[in-house]
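Below is one structure; the comments refer to it alone.
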Amino acid sequence: MTTTQAAGMLRRILDYSSRADPYPLYAELRKTPVAQQEDGSYVISTYREIAAILHNPHLSSDTRNLTHPTAATEEQTTPAFINLDPPEHDRLRRMAMRHFGPPHTPRLVTDMEPALTGIVSGLIDDFADKKQIDIVDDFAYPFPVSVICHLLGVPREDEPRFHLWVDDLINSIDYNPKTDPKEKLDKGVQARKDLRQYLGGLLDQRHGRPGDDLLSRLANDDGPDGRMTDEEIISTANLLLIAGHETTVNLITNGMLTLLRHPPILQRLRDEPDLIVPLVEELLRYEPPVHIIPWRAAYSDITVADTVIPKGSQIMLMLASGSRDPNRFHDPDRFDPDRRDNQHLGFGSGIHLCFGGPLARREAQIALTELVRRLDRPGLVADPPPYRRSPVLRGPIHLHVERGGG
């Protein structure tokens, strides 16, 4: 594939008309595992090469190491640890993990299970009398938002405010100055400022007032690494608020869509609830919530699949393509919850493996199990459903389901 052909293929993948089914395009892209683009960036689309480079110490997650920063990254202020490299990444991730999981709080997710089940049951109760429901608006969005607000200590009633900011932020991730209006980037920049200001106000209320929520713990706890600065806490909270619900919304919605497209597997889950654990892992491979890591930077020249990527180059990682690579997964376009050795890229890999993966898994397991158990003969109203604009965080914006034999 020539540089021009590769650029054309990527444009087709990013174009909204491909959002419902990008997988045939990924298959074409994989014919050239490392494809240089016209702007000098590189797209990596095969499993082996993506997995290897995610563990390569010469790959940087700090966009300040790009020779030509993108418009969407130039506006970033204090980066969250997901956009930093060791040793700063390791320090901030350890400090956040002290309050989010093992080894300091190993039972966080387990202890939350009764509350998670209660939220799910309440949401399903609320649409018990509806003939038609929207899995997104009625269920998949309010569930993880309630969870992450509780964890962080963000008032649930403020959700309408940060919902708009998060939408504008997500929409600006893939900003392309050649094809997108400048307004798209400007709204993302303003949303980032508004969200940081909002979280800063909440943080000010937590200083000197220890509590159980994550903002309070980060503001008042001195661990082995000391205490985060206020800017570091705001960046961490910003990351967790966005990643803590956007990706889980997609995972649950993509999961329900996939089950409705595979009625025998839906019925099997109803009969065998324990199937949910491998089923969610297969969903993370087959219909992941995150399709693309839009930028990484080369610290130095990196050789990938006999292609030399020069220092400072932008690298785009096509995670969803890698998880459908036939050189790694047998019959990769088949949804198979019995699949073995399912080392998918749904949560990434390496030092930036998804921080909230254990919680997202459990949320999806509980949500899908209860939906399948309690919905009477659900059927899709439209297939494919309408999708979100973003090719990075890919999922339906609505998923209308008719009950009772629709």
Quiz item: Do the rings of Y286 and H262 sit parallel, tilted or perpendicular, given the 30° and 60° boundaries?
Solution: perpendicular
Quiz item: Would you call the rings of F347 and H344 parallel, tilted or perpendicular if under 30° counts as parallel and over 60° as perpendicular?
Solution: perpendicular
I need the minimum non-hydrogen distance between [X] and [Y], along with the two atoms involved.
| X | Y | answer |
| --- | --- | --- |
| G395 | N250 | CA-OD1, 3.6 Å |
| L319 | L345 | CD1-O, 3.8 Å |
| G188 | L169 | O-CD2, 3.6 Å |
| P391 | L14 | CG-CD2, 3.8 Å |

Quiz item: Between D221 and R98, is there a salt bridge with N-O shorter than 4.0 Å?
Solution: yes
Quiz item: Does a side chain donor of either S17 or D15 reach within less than 3.5 Å of an acceptor in the other side chain?
Solution: yes
Keeping the roles fixed (side chain from [X], backbone from [Y]), state whether a donor-acceptor pair exists under 3.5 Å.
| X | Y | result |
| --- | --- | --- |
| R403 | P378 | no |
| E281 | R361 | no |
| T32 | A35 | no |

Please say whether the positively charged group of [X], taken as NZ for Lys or CZ for Arg, lies over the ring of [Y], i.e. under 6.0 angstrom from the six-membered ring centre and within 45 degrees of the axis.
| X | Y | result |
| --- | --- | --- |
| R19 | Y387 | no |
| R324 | Y26 | no |
| R339 | F329 | no |

Run the ring-centre check on [X] versus [Y] and record whether the distance is less than 6.0 Å.
| X | Y | value |
| --- | --- | --- |
| H163 | Y141 | yes |
| Y299 | H58 | no |
| Y23 | H291 | yes |

Quiz item: Would one find more than 12 heavy atoms of other residues, nucleotides or ligands at under 6.0 Å from atom CG of D331?
Solution: yes
Quiz item: Got more than 12 heavy atoms from elsewhere within 6.0 Å of CG, D204?
Solution: yes
Quiz item: For D213 and R206, what are the C-alpha separation, side-chain angles and deciding distance, and is it a salt bridge (Lys or Arg N to Asp or Glu O under 4.0 Å)?
Solution: CA-CA 10 Å; D213 61 86; R206 301 308 205 279; 3.4 Å; yes
Self-check item: S61 and H352: CA distance, side-chain angles, deciding distance, side chain to side chain donor-acceptor pair (under 3.5 Å) verdict
Solution: CA-CA 9 Å; S61 297; H352 291 288; 2.9 Å; yes
Exercise. Any chance you could lay out the salt bridge (Lys or Arg N to Asp or Glu O under 4.0 Å) test for R107 and E113, step after step, and finish with the verdict?
Key: CA-CA 10 Å; R107 292 188 55 82; E113 288 190 8; over 6 Å; no
